[in-house]
Amino acid sequence: MTYLVQPEQQRKLDEWIAGGMFSVLLDKGATGGRLAVGRFDVAKGDAPLFHVHTREDEVFMLIKGTAWVRAGEEEHELREGGIVYLPRNIPHSYRADLLMIATPGGIEGMFRHAGRDLPTPRPEGFEIPKSQPAEASELYGGVIVGPPR
């Protein structure tokens with residue numbers, strides 16, 4: 001099955017778990033559940049909580065610049081075009097503009113649950129509850145391990 005998504009068709013979420021933006025490029029519906037593809041654009045100085053996925057393996061590719069990636073007890077700097085494989089059950093966090101591929105698909109539901117559609121008008125005084133990231137993570141097989149370092 002072929003599935004094509006133009007940039008203007010990609011669902012963009014902001015205010016998600018790391019305070020940046022996440023774009024759903026392909027979801028499990030488009031890939032028959034085989035994988036999900038998304039793009040993180042984490043605000044400078046922000047990072048998602050140190051966390052584990054119990055259902056998915058992830059691959060990150062750095063789109064631009066340099067990135068900080070923590071996996072288990074290891075910390076690495078990733079250069080533009082670099083790639084990292086994160087098997088499920090390995091705690092990780094990152095600071096970067098990354099392309100994410102997760103298999104199987106479904107992880108995008110976590111970001112949808114924890115974020116807000118960018119094209120939707122922002123309600124006055126809107127704020128994502130502090131409990132939302134942990135709730136979203138738990139619903140989709142994730143575990144928050146601690147703060148980013």
Side-chain angles (χ1 to χ4, degrees), residues 1-120 122 128 132-149:
M1 174 172 91
T2 301
Y3 192 83
L4 177 78
V5 182
Q6 298 294 352
E8 63 275 5
Q9 298 169 308
Q10 297 164 3
R11 185 169 178 196
K12 293 178 175 51
L13 307 168
D14 79 349
E15 311 229 358
W16 57 281
I17 294 170
M21 187 170 67
F22 180 77
S23 298
V24 178
L25 307 180
L26 289 173
D27 63 15
K28 70 179 185 177
T31 66
R34 290 179 181 89
L35 60 93
V37 180
R39 181 174 178 177
F40 296 101
D41 192 355
V42 179
K44 188 169 178 76
D46 284 340
L49 297 169
F50 197 47
H51 63 282
V52 170
H53 300 287
T54 61
R55 300 177 185 167
E56 303 89 11
D57 299 319
E58 290 181 296
V59 173
F60 292 152
M61 181 176 159
L62 184 61
I63 305 230
K64 61 184 173 187
T66 59
W68 167 84
V69 177
R70 178 178 173 210
E73 295 302 315
E74 300 176 15
E75 293 187 23
H76 301 278
E77 182 177 81
L78 193 62
R79 294 188 316 272
E80 191 169 310
I83 194 164
V84 61
Y85 167 66
L86 296 164
R88 66 191 75 188
N89 298 314
I90 301 291
H92 59 280
S93 190
Y94 45 83
R95 288 189 174 107
D97 182 2
L98 296 167
L99 180 70
M100 175 211 70
I101 301 169
T103 183
I107 194 171
E108 67 281 2
M110 178 183 71
F111 297 103
R112 288 177 172 143
H113 186 86
R116 180 184 71 84
D117 259 336
L118 198 59
T120 305
R122 183 188 178 117
I128 292 176
Q132 195 85 353
E135 177 185 301
S137 183
E138 187 176 317
L139 284 171
Y140 290 89
V143 178
I144 304 294
V145 178
R149 290 187 189 159

Least distance between heavy atoms, Ser137 atom then Val143 atom:
OG-N, 3.5 Å

In the structure I gave you, are the side-chain heavy atoms of Ile63 and Leu98 within less than 4.5 Å of one another anywhere?
no

Should the pair Arg112-Asp27 be classified as a salt bridge under the 4.0 Å nitrogen-to-oxygen rule?
yes

Show the nearest heavy-atom pair for residues Ala96 and Leu62, with the distance to one decimal.
CB-CD1, 3.7 Å

Atom of Gly72, atom of Phe50 and distance for their closest heavy-atom approach
O-CZ, 3.4 Å

For His113, all residues meeting ring-ring contact (aromatic ring centres under 6.0 Å, His included), sequence neighbours excluded
none

With sequence neighbours excluded, tell me which residues meet side-chain contact (heavy atoms from CB on, under 4.5 Å) with Asp57.
Tyr85, Pro87, Arg88, Thr103

Donor-acceptor contact below 3.5 Å, side chain His92 vs main chain Ile90:
yes

Between Arg39 and Asp97, is any pair of side-chain heavy atoms under 4.5 Å apart?
yes

Val37 and side-chain contact (heavy atoms from CB on, under 4.5 Å): which partner among Val24, Thr31, Leu99, Val59?
Leu99

Judged by atom type as modelled, is there a donor-acceptor pair below 3.5 Å linking the side chain of Glu108 to the main-chain atoms of Lys28?
yes

How close do Met100 and Phe22 get, counting heavy atoms only, and between which atoms?
CE-CZ, 4.0 Å

Closest approach of Lys12 and Ser23, non-hydrogen atoms and distance?
CG-OG, 3.4 Å

Heavy-atom count check: over 12 atoms from other residues, nucleotides or ligands less than 6.0 Å from Glu138 CD?
no

What distance do Glu56 atom CD and Leu35 atom CG have between them, rounded to the nearest 0.5 Å?
11.5 Å

Would you compute the distance between atom CG of Leu78 and atom CH2 of Trp68 and round it to the nearest 0.5 angstrom?
12.5 Å

For Ile107 against Ala36, the heavy-atom pair lying closest together
CG2-CB, 4.1 Å

List the residues meeting side chain to side chain donor-acceptor pair (under 3.5 Å) with Gln6, not counting sequence neighbours, and say none if there are none.
none

Begin with the C-alpha distance, continue with both residues' side-chain angles, and end with the deciding distance and a verdict on side chain to side chain contact (heavy atoms under 4.5 Å, CB included) for Glu58 and Val84.
CA-CA 8 Å; Glu58 290 181 296; Val84 61; over 6 Å; no

